[in-house]
Structure formats: structure tokens, C-alpha cells
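Beneath this line is the structure, given in C-alpha cells, with notes to follow.
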Amino acid sequence: MQLPEATNFIEQIINEELEAGKFESVGNNIKVRFPPEPNGYLHIGHIKAMCINFGVKERYHGTLNLRMDDTNPAKEDYEYVDSIVEAVKWLGFEYDKLVFASDYYDRLYEIAEKYILDGNAYVCDLSAEEITATRGTLTEPGTPSPYRGRSIEENLKLFREMKAGKYPDGARTLRAKIDMSSPNVNMRDPVIYRIAHVSHYRTKDKWCIYPMYDFAHPVSDAIEGITHSLCSLEFENHRPLYNWFVEKAGFKAPLPRQIEFARLNITNTLMSKRYLKKLVDEGFVRGWDDPRMPTIMGLKNRGVPPEALKKFCADVGVAKAYSVVSSAQLDSCIRDDLNENAERAMAVLNPIKLTVTNYSGEEEVDFETNPVKGVGARKIKFTGSVYIDGDDFSLDPPPKYKRLQKGGTVRLKSAYIVRCDEVKLGKDGKVEELLCTYFPETRSGSSEHSDIKAKGVIQWVDAKYGHDAEIRRYEPLLKDEEYPDQDYAERLNAASEKILFGKAEPRLWECDENTPFQLIRTGYYKKFTEDGKLVLSEIVSLKDNFNK
RNA sequence: UGGGGCGUCGCCAAGCGGUAAGGCAACGGACUCUGACUCCGUCAUUCGGGUGUUCGAAUCACUUCGCCCCAGCCA
């Protein structure tokens, strides 16, 4: 077969296996899976895993199962599976099948009995504390459980009684019989099944014993015929166990192969479901889809295009080295996408009235809605009485100021160049109104020659025809004074370091009034209705560089 | 100090024995009816350190240093 060129080390491995003919017996059909546990919402870190898995599926024309890894009934719920499916679809990923680990409970149970029958598993009566105590340490071997030598018959009887609900939670476990003195702690007779009289969101009360990840995951992969089980680095130590479970279950080749990669970290971004859940549960944010959240739905609500997120993952690449990607890299991808695709609109955040004293009447001007693609324009009414943004006028302009100042000129985008003749101040000393002169020959698009030069170009909203838009502002979760250092950049770095090592209060994406302009320098903001529903997002102008 | 991994520009990351891709950031300059965008230019004699092997090493060997992960009846 014609192999696609590998773009990362995982595809390189797959190519080598393909060339060696490893998958000829299954028609070279590469199968992967994306296996989130439905115990929280997907976040930006999951997008990397999805890009890798869906990327393999596409490159090899393989198949991908979206699998809910739901083997812990205490934490899982339909709310989360719905949100996961929604997020995957929003990103535009197409999976072949939606499956559930809980669909395999019967099969998993049979395999567990097979382990017992083959002498590879035993029922252990040790308590959780005793198991921990006898597991040994990183440098000392563990000691075998006194129940390790039980007969197959007794194990089978006990295991069936566990399943039948004869014992309370924690009374017994089913353990794999591997090697209590293995230098790899994970191989020291890990628990396969635990007793938990908990109702599962799907199987309800059918089961009171539930399989553990280390057992359920590889076997689920094998059941589905997964060829490559791609996961993050922390599972490297589990790989021998993964292989053990698959092999002892008696599956035929090609057996699934686990390959690990480094998970995504982004500066100043919290990527732990546990903390994210805490923020939601304790009301720090409005929900999992709050725009301050790094969840996929949060990103969506901020107006981040899915394509930008995929581009980001492609740029970041896949490797095994631990890394923290700068959020600037993400911002860049979002900016690029929005610059290319977003419709433009004008808006002012802090209105200052600007009156053109030598103009009366009204006319329409053409406003380009997408200068990059060169398509789309709409008519905007101009009456000479407009609002400009407070940031676009200065009483005390710094050198090289390119916006409006007293006596200065500026172009009202798509309309005319105006000169500020007079500044009316209110009693509090704040600018109340600007009186300006406009120059008819400078009309936008006019072929008429004009010697009048504008210092810059600013946005405006017509006083008569502009409309109000409510902007919901989000406060950063951490107050400025809560940062230890003085310099802003240093504070950010300090905060990110703390987040990475889990030693500080989480700092999320800032979403105060300035943030949209930092995130997307082309500029955008959004309008929310009272109940918090997003109704529009608009592109405004760049703000964050204005005063550099 | 048991085992498993990882160390290439400020941040990611190619490279797989033949003489250091690319992206982000940064810095010059041009252009501009968004100080954006675009454009053009600069940005690792060096690949954690050392020692070998070789005509030749980031790539092989040895050694050393640093960082991450593992002792849940979580995933």
C-alpha cells in the first residue's frame, strides 16, 4: 500500500509496522480510539489527543471509535457524555462508532473468569490499606498476599459471590497474579475488580463489581480491534500491564499497541479536570462553558474557531518531551483564523461624542466586512454625529500617537478625515464632546485628490444609527495584588509555574474587558443577553499595542 | 539512592552518521482607510556536559548532570 508520509513519531512507527506487514491479516485497517472518561467536560488538552487520533484515522483511512471509558460509576454521568459528543462534533471530528466501556462489562467479566481459570488471577481479602502496605516501596519488593495461593475453584466461587453481591464494598478484590517483586510497581498484583455497590449511570444496579482501568482499557481495545492505543506519557509505566492483560485474555494478533505522547500544557492555563470541576461546583465560573474556562465549550463561547484550535495542535506537534507551549502560540492561531475569516464591524467601548460642525444631513458609506477575503461590504449611515472610543482620543498624547488629539486629524474609517478643533470638558474634567471639521474631498473611496493626511484611522459608531450592545465583562479569577511579583510578565510566569506544579490557586484565562483584545489582536468582543446567551460577536480594532 | 521516560534557539519542534527545517516570540525595515494584516530582512559554528568510535556525530558507544512519571479498591 502507498504509505502517507509520517508527520510525527507515532505515524513513523505505524509506517514501519505497515511495511513489516503487521496488519495484513486485518486488511491494513488501522483502528484507533479516543477514550475520555465521562466525568467532566473536554478541555483544550483533549484537542491535542483528538488531533492525533483523528489524524491517524484520516491519514491511514482507518477507523476511530469514540469510547466512553466509564468504569468508575461514582464519577460518571450522561451530562458528560453529551458534552463530550457535542465538543467532538463542534470541532468537526467524525468518529465511526460511539462505544462505551460499560457495554463490555459482561465480556470483561468472562475474561476475568478466564484469568482465574488460567491461574492468572485470584480473589484477595486484604483491605485497601493492607494492599498498600504489602505492595512494597519503589526500592523494596512487595510481599505476596496470603490469599495468592487460593485454588482456582475457590477463586471462582468467591469471584462469583462478589458479583452476586454477597460482600460489602472493599471486602475483597480480584487481583492479577503477576509479580510482587517487580521493579515496576504497577505489576505487583494490581486490582482488576473492586466491589462497589454504586448505581452506574448506564448499567444502573446490574453490577456491584466494576473493572479497573488497567484491565478494562487494554481489553476494550482488543475487543474493538484497536491497532494503536495512543495515550499520554503517564501511562508508560502501565504498558507492560497493558500487554499482559491483552495477552492473557487470549486475543489473536495483531494485538493493540500502546504508544505514549506528551500531553499539552499551555502557559497560564489550568488543564486539570479536577480543578476545573471545583471552579464550576463552587461557583467561581458560570459553568463548564464559561468563556474563562479552557474547556472546548468555553473556547467556543469565546468565539474561538475550531479550525484555529486544530491549526494550533498541528503547529505544536507531537513528541515525548515534556513541554509547556506559550499561550501566544494559541493566540497567533486564533488571530490568523479570525483575520482570514471573521466579519468585521466597528464598535466603541467607552464612547466619546464627536460632532462634525460643518456637516449636516446623512449619507451611506461602504464598510468592508472582510478585507482579507475581499468579499462583503455593507452600508453604514453617517450623519456627522458619531461616537468614537475613549482610547482613540488623547488630551496628552504620547509621541507618535496615531489617533486623535486636539488640533490633530484622523480618518473615521470608511468615511472622512476630520480635524479636532475643540474639546469640551465636563465638570469632572473628562472629555465630553469633540467638535471637529470634516473634509468632503477625503471621502472614502473618492477618486478626488486630496492633500489632507490623517494621522491614523479610527472606528466610530453613528450617534443616530448605531445601536447599543451589551458586553458582559469577566473578571480574572486571581486579583492583581494576589501575584507575588511586580512585573506583569513575571507575574504571569510565576502563576503559570504554580499551576503547572499544582501549588497555587488556579489562574484561568483572563476575561476582563481587555482580554478579548489581547487574545485576538484583530479584536473581537461578544454580546450576551441577560441570561448569558451569546448572541453575536464582532470584530473591533486592535487595542493592546496602542500604547507601546 | 528500584523501574520507566525525556533533555536541539526565549517557547514548541524537525532531524534517524554527511556537516542544524519550520512555527511562535523578538528585533530591524517597507506597505497600509484597522499602530492589524501583508511583505522583506535579522535571530543555534551549535544540539545538557564530558570522553571515545569515525574521513565525518545532534545523530553510534561510554560516562556524567538535570527534569518528569510510578507505591488509588481513579482514569
Side-chain angles (χ1 to χ4, degrees), chain A residues 7-8 12 35-37 39 69-72 74-76 124 126-129 131-133 135-142 169-175 181-188 190-196 209-210 212-214 216-217 231-240 260 262 264-265 267 273-274 311-312 314-333 335-336 339-340 344 346 368 371-372 400-403 411-417 442 444-445 454-459 521-523 539-548:
Chain A
T7 60
N8 56 244
Q12 220 166 77
E37 182 188 11
N39 67 346
D69 233 351
D70 53 359
T71 53
N72 184 0
K75 293 182 175 176
E76 298 147 3
C124 181
L126 256 25
S127 68
E129 299 71 43
I131 286 181
T132 302
R135 182 148 28 224
T137 68
L138 296 179
T139 51
E140 304 158 46
D169 290 3
R172 296 186 212 267
T173 56
L174 182 69
R175 291 230 260 165
S181 60
S182 170
N184 182 342
V185 194
N186 295 301
M187 301 295 274
R188 321 239 259 231
V191 171
I192 301 178
Y193 267 96
R194 77 279 215 180
I195 300 172
I209 56 171
Y210 292 93
M212 300 290 290
Y213 165 89
D214 278 324
H217 198 90
C231 62
S232 46
L233 247 31
E234 64 264 35
F235 292 106
E236 263 178 327
N237 296 324
H238 297 240
R239 199 190 321 134
E260 311 84 10
L264 177 67
N265 291 296
T267 55
K273 258 193 210 172
R274 195 174 135 247
K311 171 68 164 41
F312 172 65
D315 284 1
V316 162
V318 185
K320 293 193 73 166
Y322 174 87
S323 64
V324 185
V325 181
S326 163
S327 61
Q329 187 114 18
L330 207 214
D331 293 346
S332 165
C333 290
R335 256 186 277 130
D336 270 2
N339 183 47
E340 180 77 21
R344 309 300 146 95
M346 293 198 286
E368 270 188 290
V372 174
K400 295 189 178 175
Y401 190 67
K402 294 186 76 168
R403 286 157 284 156
R411 162 158 244 120
L412 297 177
K413 185 171 171 60
S414 294
Y416 296 95
I417 292 177
T442 61
S444 180
K455 248 335 209 348
V457 182
I458 64 172
Q459 298 187 30
R521 288 216 228 134
T522 302
I539 297 293
V540 294
S541 72
L542 174 131
K543 299 287 180 193
D544 71 328
N545 268 343
F546 277 9
N547 297 310
K548 70 179 178 186

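Predicted model, so just to flag it, every value in this text is computed and none were measured.
Among the atoms of the strands shown, none is found under 4.0 Å from any heavy atom of A:I192. Residue A:Y210 is out of contact with every strand shown, counting any heavy-atom pair closer than 4.0 Å. Among the protein residues, A:T132 comes within range of the sugar-phosphate backbone only, with heavy atoms under 4.0 Å from sugar or phosphate atoms but none that close to a base. Nucleic acid contact class of A:A128 (heavy atoms, under 4.0 Å, all strands): base. A:K320 comes within 4.0 angstrom of sugar-phosphate atoms only, judged by non-hydrogen atoms across all strands, and of no base. Within 4.0 Å of A:K273, counting heavy atoms only, lies no atom of the nucleic acid at all. Note on A:S326: only backbone sugar-phosphate atoms sit closer than 4.0 angstrom, heavy atoms only; bases stay farther off. Among the heavy atoms of the strands, none lies under 4.0 Å from A:H217. A:G456 comes within 4.0 angstrom of no nucleic acid atom, judged by non-hydrogen atoms across all strands. Heavy atoms of A:R135 sit under 4.0 angstrom from primed sugar atoms or phosphate atoms, though from no base atom. The residue A:I131 sits close to a base: some heavy atom pair falls under 4.0 Å. Among the heavy atoms of the strands, none lies under 4.0 Å from A:S182.
Checked by atom type and distance alone, the side chain of A:S323 never pairs as donor or acceptor with a backbone atom of A:V325 at under 3.5 Å. In this structure, A:S232 contributes its side chain and A:E234 its backbone to no donor-acceptor pair below 3.5 Å. Side chain of A:R194 to main chain of A:G170: no donor-acceptor pair is present (N/O by atom type, distance under 3.5 Å, no hydrogens or angles). The backbone N or O of A:N237 sits less than 3.5 Å from a side-chain atom of A:N184, completing a donor-acceptor pair. A side-chain donor-acceptor contact under 3.5 Å links A:T267 to the backbone of A:S327. Without hydrogens or angle criteria, A:S182 side chain to A:M187 main chain gives no donor-acceptor distance under 3.5 Å.
Distance noted for atom C1' between B:A30 and B:G49: 45 Å (whole Å). Separation of the P atoms belonging to B:C39 and B:A71 is 50 Å when rounded to the nearest angstrom. Taking the C1' atoms as reference points, B:U46 lies 14 Å from B:G15, given to the whole Å. Comparing the P positions of B:C69 and B:C62 gives a spacing of 27 Å, expressed to the nearest Å. For the C1' atoms, the distance from B:A14 to B:A20 is 10 Å, rounded to whole Å. B:G48 and B:C6 are spaced 13 Å apart, taking the P atom of each and rounding to whole Å. To the nearest whole angstrom, the two C1' atoms, one in B:U63 and one in B:A75, are 39 Å apart. The separation of B:G18 from B:C60, taken at their C1' atoms, amounts to 14 Å, rounded to a whole angstrom.
With rounding to whole Å, A:R175 atom CZ is found 8 Å from B:C73 atom P. Between the CZ atom of A:R239 and the P atom of B:G4 there is a distance of 11 Å, given to the nearest Å. The distance from atom CG of A:L138 to atom P of B:G72 is 10 Å, rounded to the nearest whole Å. Atom CZ of A:R188 is separated from atom P of B:A71 by 11 Å (rounded to the nearest Å).
For A:E236 against B:G4, a side-chain-to-base donor-acceptor contact under 3.5 Å is absent. Between the base of B:G35 and the side chain of A:R403 there is a donor-acceptor pair shorter than 3.5 Å. One cannot find a donor-acceptor pair under 3.5 Å joining the base of B:C70 and the side-chain atoms of A:N186.
Look at B:U53: it lacks any Watson-Crick or wobble partner with both distances under 3.5 angstrom. Searching all strands for a Watson-Crick or G-U wobble partner of B:G2 with both distances below 3.5 Å returns B:C70. Nucleotide B:A26 has B:U42 as its partner under the Watson-Crick or G-U criteria, with both atom distances under 3.5 Å. Pair assignment for B:C37 gives none, since no Watson-Crick or G-U wobble pairing has each distance under 3.5 Å. With a cut-off of 3.5 Å on both Watson-Crick or G-U wobble distances, the partner of B:G7 is given as B:C65. Remark: B:U59 base-pairs with no nucleotide; criterion is Watson-Crick or G-U wobble with both hydrogen-bond distances under 3.5 Å.
Side chain of A:Q12, nearest nucleotide from B:A75, B:G15, B:A71: B:G15. In the set B:G23, B:A75, B:U34, B:G23 carries the atom at the smallest distance from any side-chain atom of A:D315. The side chain of A:P183 lies closest to B:G2 when the candidates are B:C69, B:G35, B:G2. Comparing B:C37, B:A71, B:G3 by their nearest atom to the side chain of A:V185 picks out B:A71. In the set B:C11, B:C37, B:C73, the nucleotide with an atom closest to the side chain of A:R194 is B:C73. Checking B:U34, B:G2, B:C24 against every side-chain atom of A:S332, the shortest atom distance belongs to B:C24. In the set B:C6, B:U32, B:C69, B:C6 carries the atom at the smallest distance from any side-chain atom of A:A321. Minimum atom distance to the side chain of A:V325 is reached by B:C12, of the listed B:C12, B:U34, B:G2.
Residue A:T71 has a polar side-chain atom (N or O) positioned under 4.0 Å from OP1 or OP2 of B:A75. Dashed line: the shortest gap from a side-chain N or O of A:S323 to OP1 or OP2 of B:A13 is under 4.0 Å. Residue A:R335 has a polar side-chain atom (N or O) positioned under 4.0 Å from OP1 or OP2 of B:A25.
Across the interface with RNA chain B, nearest-nucleotide mapping of A:V316 and A:R411 shows A:V316 to be the residue nearer the 5′ end. When each of A:T7 and A:A328 is assigned the nucleotide of RNA chain B bearing its nearest heavy atom, the one mapping closer to the 5' terminus is A:T7.
Between A:F312 and A:Q329, the closest side-chain pair of non-hydrogen atoms falls below 4.5 Å.
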| task | Under the side chain to side chain contact (heavy atoms under 4.5 Å, CB included) rule, what do A:E129 and A:T132 come out as? Steps first, then yes or no, please. | result | CA-CA 5 Å; A:E129 299 71 43; A:T132 302; 5.7 Å; no
* **Steps toward salt bridge (charged side-chain N to carboxylate O under 4.0 Å, His left out) verdict (A:K320, A:E236)** => CA-CA 11 Å; A:K320 293 193 73 166; A:E236 263 178 327; 2.5 Å; yes
